[in-house]
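Only one structure is covered here, and it is reproduced in the block below.
Letters A, B, ... mirror the listed sequences (proteins, then strands); counts begin at 1.
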Amino acid sequence: METISIKFPDGKIKDYPQGITGSEIAGGISQGLLRDSLAIEVNGDVWDLNRKIMNDSEVKLLKWAEIGGKEAYWHSSSHLMAEAVESLFPGVKFGIGPSIDAGFYYDIDLGGHTLSPDDLIKIEQKMIELAKADSSFVREEKSWENAVAYFTEKKDPYKLELLDELKGQTITFYHHGKFTDLCAGPHLPSTGKIKAIKLLSVAGAYWRGNEKNKMLQRIYGISFPSQKELDEYLFRIEEAKRRDHRKLGKELDLFVFHDIAPGAPFWLPNGMIVFRELEKFLRFELDGAGYQEISTPILVKKELWEQSGHWAHYKENMFYFDNEETTFSLKPMNCPESTYVYRHRIRSYKDLPLRYSEIGRLHRNEISGALGGMFRVRQITMDDAHIYCRPDQIIEEINSLIDLVERFYSIFGLKPQYNLSTKPNGAMGDPQLWSEAEEGLKTALEQKKIKYNLKPKDGAFYGPKIDVQIQDALGRDWQIATIQLDFVMLPERFELEYVAEDGLRKRPVAIHRAIFGSFERFMGIITEHFAGSFPTWLSPTQVVVLPITDTQGEYAAKVYQALRRAGVRVELDDRNEKINYKIREWEMKKASYMLVVGEKERTATTVSVRQHKKGDIGVLPLDKFIENIIQEIQQKTLTI
RNA sequence: GCUGAAGUAGCUCAGUGGUAGAGCAGCGGUUUCGUAAACCGCAGGUCGUGGGUUCAACUCCCACCUUCAGCUCCA
């Protein structure tokens, strides 16, 4: 028998007989490693542990901690679920059943049956039963014709459709227990590795994500190697729900939604404090960065949108109505109107770049099913800006925009995820300009050592873009900031020009950008990010003065007045309640600081400081406390 | 828009074919208290909206509105 040499991650090389499996390699090292291994990476591909290795290879055993290990685990769990569903509902047809970031799902066509929460419990119990049977996952290579024959016999149109695209290739099947599936793998050695299972939800999902196709039922689930890990996961989900901005927004009186205005928040006084602080911060920064603020009409004639192309491409998302023979629309975007500011006089090359910022209120008719708290609203307050520059100024503008984004996000302690989207099919504009711009965006990101995902062909038809995404408490991604180059929409359609050095008229480039994205979405994001405990500069209640008894009433009022005069958002809680009661209440309202004042403090002109989430942090002279908090507010110190 | 689930007091929730319940919040009293809930009392609801079935509907049926999860969408 021939031998092959296997290289391990630590660089060691060992010889094994040809046809050795991952399980045998793991078992040869230790029983513990065999027990913990879920799959094996062979020359960069993830394989089943019991697949034979025939050639010299570089391998890495994958355990739960590795993504590849988790993927195999969850993918196998989805097969196990399919087996359970098939045994309970014979004759069902299967779509696809992959692992996802957290868990797995399977899309299933159950004919006329609609899955109920009770069904999920039954399926879950069946899965546990089947896992205990510890059936091995068996990989089988089949010819394409045999594969088609199998699913023709089984009358599964979905798998046949998938096979259609794999024509001419060797097809792999996986068997375990009574279940057989078309699948590229890899899988666990056997179902017994799956110990703790929870089916989370069932929801409709269009076959292949196309709404013209039939809607299948998608069951989401998650599984873990131990009950303890499952319990911890479920607990984390519950914790995340406590951060939900919809819940915190209500509890902290930040904003409310009402049936009377679906998709548009009522900003409450506390929410407006945060809104105004964000606005103040934004304006201060943009003033310093050479922006000029403008404000353009909300209600405009539809001719504008015909010219911009929105009427043709975006009409379904617009609110419009007729008035005296004229069709008007609420603006869904600010960009076209900013060109009117640009065009209001002749621009010289010396005027550029022109940076117009606008805190604009937009309305977009989002389909009802898309609405969700502050993350997806129909009335949007955008921190928009349009920069008009010469082509030779693009790189410099992009660089300073990335700096601005980085600066903003560091203030909040947010960790953004960058995406770079490049030229889509059917894009408009000079190809040379496109490739230069894409290269420029890429270079800018790389020089600043910013990691990003490349999204090929995902740019707008008028230019490439950099997007910033951030996750909510439940791990869903939301786009926040965006930097979009535009060679076409504004410059061409609105015939923008500047007079160049040589006296000729030339076309500027436009850059659309938002940093918060929208005040609504950003408010939702930071509410969840801070779990409602805003840093002091944003906190609706920065300080509460709490006298112990009426005897300190006068002194407490003096403390309150001193803070007020210093510009601090302060409240005086002189209600006839016990100090414990007040502390509990203000702690839950997440006031940044409580100043307890009793006899000791009154006689010494001091305050006993209690910081939110930290508790009693000692006694300070009143002046010193004011000095500290003013500094904290000015520096926008992060308190978490 | 699609599939499923849900909507009861300001909030969180219980209830069920026979005239609506709790805790917290609110209001009125008593209590003046040192770092996360003092005590007593009062008030509060066309049970999302509109139809239907029934002697009787918060409860069953239908439609609509809104919310939630997912899909789709997301210049």
Item to complete: For A:R218, report the nucleic acid contact type (base, sugar-phosphate, nothing); a contact means any heavy atom under 4.0 Å.
Response: sugar-phosphate
Item to complete: Check whether any side-chain nitrogen or oxygen of A:R246 sits under 4.0 Å from OP1 or OP2 of B:U67, and answer yes or no.
Response: no
Worksheet item: Does the side chain of A:E358 come under 3.5 Å of the side chain of A:T296 through a donor N or O and an acceptor N or O?
Response: yes
Practice prompt. Indicate, yes or no, whether a donor-acceptor pair under 3.5 Å links the base of B:G70 to the side chain of A:Y206.
Written response: no
Worksheet item: For B:A69, does OP1 or OP2 lie under 4.0 Å from any side-chain N or O of A:R476?
Response: yes
Worksheet item: If you look at every strand shown and take non-hydrogen atoms under 4.0 Å, does A:H512 touch a base, only sugar-phosphate, or nothing?
Response: nothing
Response to the item:
Ranking B:A38, B:G34, B:C11 by distance to the side chain of A:I548, first place goes to B:G34
Item to complete: Tell me which nucleotide among B:C73, B:U67, B:A36 gets nearest to the side chain of A:R376.
Response: B:C73
Discussion item. So, OP1 or OP2 of B:U3: does either fall under 4.0 Å of a side-chain N or O from A:K214?
Written reply: no
Worksheet item: How would you label the contact of A:K600 with the nucleic acid (heavy atoms, under 4.0 Å): base, sugar-phosphate, or nothing?
Response: base
Fill in: A:W305 CH2 - B:A75 C1' separation (whole Å)
12 Å
Item to complete: Can you check whether any acceptor in the base of B:G70 is under 3.5 Å from a donor in the side chain of A:Q217, or vice versa?
Response: no
Worksheet item: If you measure only the distance, is there a donor-acceptor pair under 3.5 Å linking the side chains of A:T639 and A:K613?
Response: no
Discussion item. Applying the side chain to side chain donor-acceptor pair (under 3.5 Å) criterion to A:H612, which one of A:S533, A:S539, A:S592 satisfies it?
Written reply: A:S533
Worksheet item: Quick one: does A:R364 reach the base of B:C74 with a side-chain donor-acceptor pair under 3.5 Å?
Response: no
Item to complete: Describe the nucleic acid contact of A:G373 in one word from base, sugar-phosphate, nothing, applying a heavy-atom distance below 4.0 Å.
Response: sugar-phosphate
Discussion item. Counting only side-chain nitrogens and oxygens, does A:T549 get under 4.0 Å of the OP1 or OP2 atom of B:C33?
Written reply: no
Worksheet entry | Phosphate-side-chain proximity, A:Y581 and B:A25, N/O vs OP1/OP2 below 4.0 Å | yes
Practice prompt. Among the candidates B:C71, B:C74, B:A36, find the nucleotide nearest to the side-chain atoms of A:Y220.
Written response: B:C71
